[in-house]
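The chains referred to below are lettered A, B, ... by the order of the sequence lines, with proteins before strands, and numbering in each begins at 1.
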Protein chains: 2
Amino acid sequence: MSEDQLDLVFGALADRTRRAILARLAQEDANVGDLTALFTMSQPAISKHLKVLEQAGLISRNRQGTMRLSHLEAEPLRDATGWLADYRTYWGESYDRLDRLFESLNDNKE
Amino acid sequence: MSEDQLDLVFGALADRTRRAILARLAQEDANVGDLTALFTMSQPAISKHLKVLEQAGLISRNRQGTMRLSHLEAEPLRDATGWLADYRTYWGESYDRLDRLFESLNDNKE
DNA sequence: CCTTTATGTAACTTGATGGTTATAGATAAC
DNA sequence: GTTATCTATAACCATCAAGTTACATAAAGG
């Protein structure tokens, strides 16, 4: 994954509205109106966020009638995870213990 | 991990200079002069980047004589990885296969 | 076609970001 | 205490980012 792409992906993830959009899209594809309803900002603002996410490769979009459905794309998330994982030796996590790390992180969240 | 903290961490990671600083610090602690020598920008610019990394919790700093050593802190990296890992089910990776995913990502990099 | 619905685009405001140069501050050495 | 070294801060500039409102565009349906 190129540095340019990492700039775009981490930059896209640096905004909480965009992270919330991704979380929503992880459940189901959604159109712009659906997403706008989730926040207290205007529709053009959401369209801008979607553009950022699309340029980062984090979502794809296709027309469905008059609507455009946004669809979460996993590849950049995987790549970003891979980049972070390069530091796993530094933080003392072995490969085969990452699974348990993730489980515990998940538990702490609820 | 709070949304505020995720803003700071992903925001810090969104800059390639800061990512390079982290990569350098993963090998060994370094002072401001060391880090400045790695790039084509001024020392104050590096100091600014270090401040951003520190506020994100990604590094800590302590004085050593007239120098200040920067030290990589793993926790936020771990947390960010955990956040991304919440999407692993979406991209179809089971917990116990993440280790192999990371290995393959690593192989592709070289 | 004309209208409605859904979305994109343009123009603008405001504040943050990333860099610069010049200068101030902290510590060690003499 | 003066000096040298290392780092931080201040002031400034240019650009980008995130939001707004107003308007343009695309597709579907009477």
ILVMFWY cluster, B:Met1 and A:Trp83 together (side-chain gap under 4.5 Å): yes

Answer with yes or no whether the side chains of B:Gln43 and B:Thr36 bring together a donor and an acceptor at under 3.5 Å. no

Among residues 7-23 of chain A, which contact DNA chain D at a heavy-atom distance under 4.0 Å? A:Asp15, A:Arg18

So which atom in A:Gln55 and which in A:Leu8 form the shortest heavy-atom distance, rounded to 0.1 Å? O-CD1, 3.6 Å

Do A:Phe39 and A:Leu69 sit in the same hydrophobic cluster, where Ile, Leu, Val, Met, Phe, Trp and Tyr count as joined when their side-chain heavy atoms come under 4.5 Å apart? no

Please report the shortest heavy-atom distance between B:Ser70 and B:Arg61, naming the atom on each side. OG-NE, 3.6 Å

As a test of reading the structure: which of C:dT21, C:dG8, C:dA6 is closest to the side chain of A:Met67, going by heavy atoms? C:dA6

I want to confirm an ordering. Mapping B:Thr66 and A:Asp34 to their closest nucleotides on DNA chain C, which one lands closer to the 5' end? A:Asp34

By nearest-nucleotide position on DNA chain D, the 5'-leaning member of A:Ala45 and A:Gly65 is A:Ala45

Stepwise, does the side chain to side chain contact (heavy atoms under 4.5 Å, CB included) test hold for B:Leu13 with B:Leu58? CA-CA 9 Å; B:Leu13 296 177; B:Leu58 286 162; 4.2 Å; yes

Is the shortest side-chain N to carboxylate O distance from A:Glu54 to A:Lys51 below 4.0 Å? no

Atom-to-atom span, CZ of B:Arg61 to P of C:dA26 - whole angstrom: 15 Å

So, applying salt bridge (Lys or Arg N to Asp or Glu O under 4.0 Å) with A:Glu3, which one of B:Arg18, B:Arg16, B:Arg19 is it? B:Arg19

Separation of atom CD in B:Gln64 from atom P in C:dT27, rounded to whole Å: 13 Å

Span of DNA chain D engaged by chain B, first through last nucleotide within the 4.0 Å heavy-atom cut-off, is D:dC6 to D:dT9

Whole-Å gap separating P (C:dT7) and CD (A:Gln43): 7 Å

How close do B:Asp29 and B:Leu72 get, heavy atom to heavy atom, and via which atoms? OD1-N, 4.4 Å

Residue whose nearest DNA chain D nucleotide is more 5′ - A:Ser42 or B:Arg68: B:Arg68

Any B:Arg63 side-chain N or O less than 4.0 Å from OP1/OP2 of C:dA26: no

Specify the closest pair of heavy atoms between A:Val9 and A:Ala80, including all atoms of both residues, with the distance to one decimal. CG1-CB, 4.1 Å

Between B:Leu22 and A:Phe10, is there shared hydrophobic-cluster membership here, with clusters defined by ILVMFWY side-chain heavy atoms closer than 4.5 Å? yes

The correct set of residues in residues 46-54 of chain B placing a heavy atom under 4.0 Å from DNA chain D is B:Ser47, B:Lys51

